[in-house]
Amino acid sequence: MPTVALMWEARAVSGRGADLLAWVRELKPDGERQPLRREVLTAPEDRVLVITWWEGGYRAEVPELPDPPADLVRRAVHRWRFESVGG
């Protein structure tokens with residue numbers, strides 16, 4: 001079965017990277033469906049990246065992570081979707 005990876009990246013207001021990271025770690029997908037895998041990563045400039053892997057192809061309906069509270073981020077969240085093509 002194909003898999004789809006959702007990438008979600010946000011940049012926190014200066015000095016609020018730890019708050020954004022804590023907010024992301026508390027998130028749970030809506031509904032009963034759970035990702036096959038989930039990774040949370042950080043980068044300089046208070047950026048947080050979340051990658052989730054789901055069963056299904058590129059157009060599969062899977063839960064998206066919401067936007068964080070406006071006071072935590074300095075710009076709109078970036079989102080990407082990729083379909084696995086194997087090794």
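The residues of the chain are indexed from 1 along the displayed sequence.
Residues Leu65 and Val77 share a hydrophobic cluster, clusters being chains of Ile/Leu/Val/Met/Phe/Trp/Tyr side chains in contact below 4.5 Å. If you chain together hydrophobic residues whose side chains sit under 4.5 Å apart, Trp53 and Leu41 fall into the same group.
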message = I'd like to know whether Phe82 forms a side-chain contact (heavy atoms from CB on, under 4.5 Å) with Val4, so could you lay out the CA-CA distance, the side-chain angles of the two residues, the decisive distance to 0.1 Å, and finally the verdict.
response = CA-CA 6 Å; Phe82 294 90; Val4 61; over 6 Å; no

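Looking at residues two or more places apart in sequence or on another chain, you find no side-chain hydrogen bond (donor to acceptor under 3.5 Å, both in side chains) involving Glu61.
Distance check, rounded to the nearest 0.5 Å: OG1 of Thr52 to CG of Leu6 gives 4.0 Å. Taken to the nearest 0.5 Å, the CD atom of Glu26 stands 10.5 Å off from the CG atom of Leu21. The distance from the CD1 atom of Ile51 to the CZ atom of Arg37 is 8.0 Å, given to the nearest 0.5 Å. How far CZ of Arg38 is from CH2 of Trp54: 9.0 Å, rounded to the nearest 0.5 Å.
Of the possible polar contacts, none joining the Asp46 side chain to the Ser14 backbone as a donor-acceptor pair under 3.5 Å is found. Judged purely by atom type and a 3.5 angstrom limit, Arg81 uses its side chain to pair as donor or acceptor with the backbone of Tyr58. Looking only at distances, a side-chain donor or acceptor of Arg16 sits under 3.5 Å from a matching main-chain atom of Asp71. No donor-acceptor distance shorter than 3.5 angstrom exists from the side chain of Arg79 to the backbone of Trp8, with no hydrogens or angles considered. Counting only distance, with no hydrogens or angles, the side chain of Arg25 and the backbone of Ala22 share no donor-acceptor pair below 3.5 Å.
None of Met7, Glu39, His78 except one satisfies the side-chain contact (heavy atoms from CB on, under 4.5 Å) rule with Leu49; the exception is Met7.
Contact check on Glu9 versus Arg75 returns a salt bridge, with a Lys/Arg side-chain nitrogen under 4.0 Å from an Asp/Glu carboxylate oxygen.
A 4.5 Å side-chain heavy-atom check between Thr3 and Leu36 finds at least one atom pair inside the cut-off.
Minimum interatomic distance between Pro2 and Glu83 (heavy atoms only, all atoms of both residues): CB-OE2, 3.8 Å. Minimum interatomic distance between Arg11 and Leu20 (heavy atoms only, all atoms of both residues): C-CD2, 4.3 Å. Closest non-hydrogen pair, Gly17 versus Val48, comes out as O-CG2, 4.4 Å.
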